[in-house]
Protein chains: 2
Amino acid sequence: MTSENTPHHHGNLRPALIQAGIDILETEGTKGLSLRKIATRVGVTHAAPAHHFKGKAALLVAIAAKGFQVFADLMEKNRDAAPKDPQNQLLGLCQGYLQFAAENEALFELIFSTDIKPHANVDEDFRKSANRAFRLLEDTCALFEPSPKHSQGHEIMIWSLVHGYASLRAYNKLISPEDGAAMPFELILPQLTPKK
Amino acid sequence: MTSENTPHHHGNLRPALIQAGIDILETEGTKGLSLRKIATRVGVTHAAPAHHFKGKAALLVAIAAKGFQVFADLMEKNRDAAPKDPQNQLLGLCQGYLQFAAENEALFELIFSTDIKPHANVDEDFRKSANRAFRLLEDTCALFEPSPKHSQGHEIMIWSLVHGYASLRAYNKLISPEDGAAMPFELILPQLTPKK
DNA sequence: GACACTATCTTTACAGTGTAAAGTTTGAGT
DNA sequence: ACTCAAACTTTACACTGTAAAGATAGTGTC
């Protein structure tokens with residue numbers, strides 16, 4: 001037997017359920033995402049997921065963990081592809097942020113939903129992927145001199161700006177959906193002074 | 001008979017359902033909000049709401065419409081209470097924005113949820129209250145000279161910033177929840193030049 | 001004032017959901 | 001070869017939204 005298509009025990013059900021969940025999420029949205037539908041799509045009965053996840057909430061957290069993973073990957077990739085000066089690094093990172101939000105609408109809404117956030121502190125996978133995403137943003141903001149007023153640096157402002165823009169763009173399709181350069185950074189980026 | 005407690009026909013069921021929905025939303029969250037629970041709380045059977053709303057989605061839209069109403073009220077009130085210079089007017093408006101998001105967490109998430117947004121274009125009440133809220137922000141941003149780059153003025157940037165900050169604060173309780181002045185405006189507000 | 005009528009709410013029914021418990025199969029270890 | 005535990009199925013139940021049909025009240029109209 002290869003690793004695929006193990007006959008009865010299915011073998012790797014856990015990741016299959018997560019992937020099926022993501023698929024359904026993007027095709028049918030959050031409303032159409034049911035435990036039973038996920039199970040059926042994978043080819044098992046509706047009670048099978050219970051042996052891998054404590055409940056639907058736990059499966060959603062696992063899906064969100066995977067979501068944060070590709071989220072962070074996309075940010076990192078876009079940042080690394082950008083010119084090496086701090087301004088463009090930050091801009092690239094944020095374009096990755098927006099790209100993920102635009103291409104995975106329901107998943108983006110899920111990973112930042114307050115439903116899963118309470119359970120998220122328990123799940124180790126989730127904490128790790130989420131923290132990686134946040135640290136990525138922190139690190140890129142750390143390329144600039146921090147504000148004298150905020151000890152935390154600029155990450156809250158930048159994060160708010162890009163997150164709000166991504167959310168509103170998803171909510172109100174009127175805002176130009178394609179042009180990542182339309183991001184309202186022209187007042188802020190020039191105010192950030194690179195370190196050293 | 002007074003207007004209250006009409007015996008069998010209940011009289012004003014429609015607004016009662018909306019209010020009960022808001023109450024449950026704030027006490028039990030989105031997950032605990034069911035049509036049947038709303039109906040029971042108001043004192044009618046579970047099928048009664050069907051005669052006033054086309055379905056659960058329609059009731060949610062009505063709840064969101066009411067939500068946008070108090071949202072706009074709160075922004076307007078805070079803006080009017082602020083000093084009359086443009087900077088403080090905008091700051092006041094945004095503090096109202098944040099106050100609403102902090103005090104009505106689930107409702108805030110609902111009115112900006114992508115679930116109801118498709119149905120929202122149909123509902124006239126919703127369009128009106130939502131547009132009022134948006135226009136309020138537009139008008140206050142119009143106190144400043146627009147950016148030469150964006151014909152739309154600054155409302156997208158300001159809106160993104162305050163909306164992102166509100167969302168992230170709800171998501172991650174780590175961000176100081178009380179101090180409205182901690183809003184990351186110190187880089188942006190000085191860049192805005194009042195008109196005339 | 002009796003009548004029909006319509007809006008409002010109830011009753012009943014049904015498919016879909018998440019979850020729990022018990023039963024069945026499979027694979028691994030001794 | 002046998003035991004046993006893990007993986008999955010079967011069955012059952014409470015809860016959800018929705019639809020259809022029945023009961024009740026208030027509103028006209030003659």
Which listed nucleotide ([options]) is nearest to the side chain of [X]?
X: A/Ser34; options: D/dC8, C/dA20, C/dG18; result: C/dG18
X: A/Lys37; options: C/dT17, C/dC9, C/dT12; result: C/dT17
X: B/Ala48; options: D/dA7, C/dA20, C/dC9; result: C/dC9
X: A/Leu13; options: D/dC8, C/dA20, D/dA20; result: D/dC8

Between A/Trp159 and A/Phe134, is the ring centroid distance below 6.0 Å? yes
Please report the distance, rounded to the nearest Å, between [atom1] in [X] and [atom2] in [N].
X: A/Glu28; N: C/dG16; atom1: CD; atom2: P; result: 13 Å
X: A/Ile24; N: C/dT17; atom1: CD1; atom2: C1'; result: 14 Å
X: A/Phe53; N: D/dA6; atom1: CZ; atom2: C1'; result: 16 Å
X: B/Lys31; N: D/dC15; atom1: NZ; atom2: P; result: 16 Å
X: B/Leu33; N: D/dG17; atom1: CG; atom2: P; result: 8 Å
X: A/His51; N: C/dG18; atom1: NE2; atom2: P; result: 16 Å
X: B/Lys56; N: D/dA19; atom1: NZ; atom2: P; result: 15 Å
X: B/Ile38; N: D/dC15; atom1: CD1; atom2: P; result: 17 Å

Basic-acidic side-chain contact under 4.0 Å: [X], [Y]:
X: A/Glu124; Y: A/Arg127; answer: yes
X: B/Lys31; Y: A/Asp115; answer: no
X: A/Arg132; Y: A/Asp139; answer: no

Is the backbone of A/Leu189 close enough, under 3.5 Å, to the side chain of A/Gln87 for a donor and an acceptor to pair up by distance? yes
With heavy atoms under 4.0 Å as the rule, sort B/His52 into base, sugar-phosphate or nothing. sugar-phosphate
Looking across every strand, which nucleic acid part, if any, lies under 4.0 Å from A/Thr45 by heavy atom: base, sugar-phosphate, or nothing? base
When A/Arg36 and B/Pro49 are each assigned the nearest nucleotide of DNA chain C, the 5'-most assignment goes to B/Pro49
Do B/His46 and C/dT12 share a donor-acceptor pair, side chain to base, under 3.5 Å? yes
